[in-house]
There are 2 protein chains.
Amino acid sequence: MILQPLSESTEMYLKAMVELGGREVVAVGRLAERLSVTSVSANEMMRRLGEQGLVSHTPYKGVTLTQMGREAACNVLRRQRLWECFLYAHLKIEWPQVYELACDLEHATAPAVTEALAAFLGQPSHCPYGDPIPAADGEFEPLLGISLSVVGVGGHARILAVRATDTDVLKYLYERGLVPACEVQVVEAAPLQGPLTLRVNGKEVALGLALAEFVIVEIIPAS
Amino acid sequence: MILQPLSESTEMYLKAMVELGGREVVAVGRLAERLSVTSVSANEMMRRLGEQGLVSHTPYKGVTLTQMGREAACNVLRRQRLWECFLYAHLKIEWPQVYELACDLEHATAPAVTEALAAFLGQPSHCPYGDPIPAADGEFEPLLGISLSVVGVGGHARILAVRATDTDVLKYLYERGLVPACEVQVVEAAPLQGPLTLRVNGKEVALGLALAEFVIVEIIPAS
DNA sequence: TAATATCATAAGGTTTGCCTATTAATTAAT
DNA sequence: ATTAATTAATAGGCAAACCTTATGATATTA
Ligand SMILES: [Mn+2]
Ligand SMILES: [Mn+2]
Ligand SMILES: [Mn+2]
Ligand SMILES: [Mn+2]
């Protein structure tokens, strides 16, 4: 499936759709939110992407990626995550900054560069934030995990991935040790959507529920 | 000197100015030609860059870079040439393709990435096409050399740099061995702006004068 | 000095992506 | 089941960078 080069803006919309919904329907409002544009802009873009055959839009219901749209979106994810690996492992750029810097490079990366980069990196399977890197054909198995925000009090869990994109949020989590492979215990959950209290590397850490949603974990069964 | 991020288009104009004129005045028409835009577009852009203090425009004379404009332009060159080094030496991308691929990446490269890349590469001094890489502060000593097109018949020369930007032109030169460090002899120069006949690696090669202009050489004195 | 070539501006158009304000549809609450 | 609140979509418009064609203005050169 050959497609003309897409604009940066278009690529960011497609990436947001696959991140937000995968193969499911996504509300246009969620997209607008995620991309920090008005819902008007998101609607307009959905109309254009619909005309290009990249999405299918059912008014008042939401949008889904077509096969072509999904391929394009996964390819953006591939570029993004490969650059994250390079920036982190080779250029020694700080973990919280990696997302934002890769998010610029991803749109300026021709297929020849993507594949040469993947080879240079040794075909890595996951990015520094723990998410899988789609294969050259676009496919990948999504991470099986749950949000830290739904782990019950007393539960032990291992961090699989961090889904935040804001550098400040990543920095906040990084400074508290909340990165992939880290093990955490939920010590307390304050009522009324209050913060969690976690035990991380022997220290107690308070974490707002909204932030905990970004953290994808697997439960460690009690031994 | 802090300046707001410039658009890709703006960066390409600035880069063209420093490539075409260095510190000299450049005719707006030359710029338009180089960038494949109409002279109307180039004029409009020069007005805008003038307002931003990046260039100084004397109507009917031409444009020069201001100090600020020169710094911005040299920074683009730095990013471009660092990426060229990376693509060529580490990603093993073919020499003729490197320029075009780096020309996309250069505009998506934050200062942190530029400097980390330079460190990763070991602060290289020249790009794969032979041109010097400006330092972080923007300064660099331009290559001292002459165009192959002005070397007299019988002259021996060593290629210092190739200034072409079109991938097909680079491929054409590459296939004939005309890359930096290669030694050539001018065997014959056809009249009426006709092609040169060169001896390159023991073979005779015909090269149009327009192409020879892209090749920057130093004379090898007769021993 | 006059003809020619080059350069600049005027006026108007296209594309892409954004916005505010308004209207329509859906969903939730009486 | 209506009404109210929320959410989604459209109408209309703005701006940045491109473009074209037409028209002056300056510089070169014959
Ligand atoms: Mn991006
Ligand atoms: Mn470029
Ligand atoms: Mn106008
Ligand atoms: Mn409209």
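The model shown is predicted, which means the values in this text are computed figures rather than measured ones. Within every chain, numbering begins at 1; the chains are lettered A, B, ... in the order of the sequence lines, protein sequences first and strands thereafter.
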Determine the interplanar angle of the A:Trp83 and A:Phe86 rings, folded into 0 to 90°, and report it as parallel if under 30°, tilted if 30 to 60°, perpendicular if over 60°.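 Judged by the thresholds at 30° and 60°, the geometry between A:Trp83 and A:Phe86 is perpendicular.
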Name the orientation class of the two ring planes belonging to A:Phe120 and A:His90 (parallel below 30°, tilted from 30 to 60°, perpendicular beyond 60°). tilted
Step through the shown structure and confirm whether more than 12 heavy atoms of other residues, nucleotides or ligands are within 6.0 Å of CD on A:Gln193.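 Counting other residues, nucleotides and ligands, CD of A:Gln193 stays at 12 neighbours or fewer.
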Look at [X] and [N] and indicate whether a side-chain polar atom (N or O) is within less than 4.0 Å of OP1 or OP2.
X: A:Arg48; N: C:dG17; value: yes
X: A:Asn43; N: D:dA8; value: no
X: A:His57; N: D:dA8; value: no

Can you tell me which nucleotide in D:dC18, C:dG17, D:dA17 comes closest to the side chain of B:Ser7?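 It is D:dA17.
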Within the distance-only criterion (no hydrogens, no angle test), does the side chain of [X] pair as donor or acceptor with the backbone N or O of [Y] below 3.5 angstrom?
X: A:Arg70; Y: A:Val18; result: no
X: A:Thr66; Y: A:Gly53; result: yes
X: A:Thr114; Y: A:Ala110; result: yes
X: A:Arg79; Y: A:His107; result: no

Heavy atom of residues 28-40 of chain A under 4.0 Å from DNA chain C: which residues?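 Here the set is A:Val37, A:Thr38, A:Val40.
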Each nucleotide of nucleotides 24-30 of chain D classed B (base within 4.0 Å of a protein heavy atom), S (only sugar-phosphate) or -, in 5' to 3' order, makes BBSS---
What residues form a side chain to side chain contact (heavy atoms under 4.5 Å, CB included) with [X], not counting sequence neighbours?
X: B:Tyr174; result: B:Glu94, B:Trp95, B:Pro96, B:Val179
X: A:Tyr172; result: A:Arg176, A:Leu207, A:Leu211
X: A:Gln52; result: A:Gln4, A:Leu6, A:Arg48, A:Leu49, A:Leu54

Could you check which residues of residues 15-22 of chain B get a heavy atom under 4.0 Å from DNA chain D? Sort them by number, please.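 Listed by number, there are none.
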Check the distance between [N]'s [atom2] and [X]'s [atom1] and give it to me in whole angstrom.
X: B:Glu8; N: D:dA16; atom1: CD; atom2: C1'; result: 14 Å
X: B:Met45; N: D:dA15; atom1: CE; atom2: C1'; result: 14 Å
X: A:Glu44; N: D:dG12; atom1: CD; atom2: C1'; result: 11 Å

Does B:Glu8 form a salt bridge (charged side-chain N to carboxylate O under 4.0 Å, His left out) with B:Lys15? I'd like the steps, not just the answer. CA-CA 10 Å; B:Glu8 167 164 348; B:Lys15 193 172 78 169; over 6 Å; no
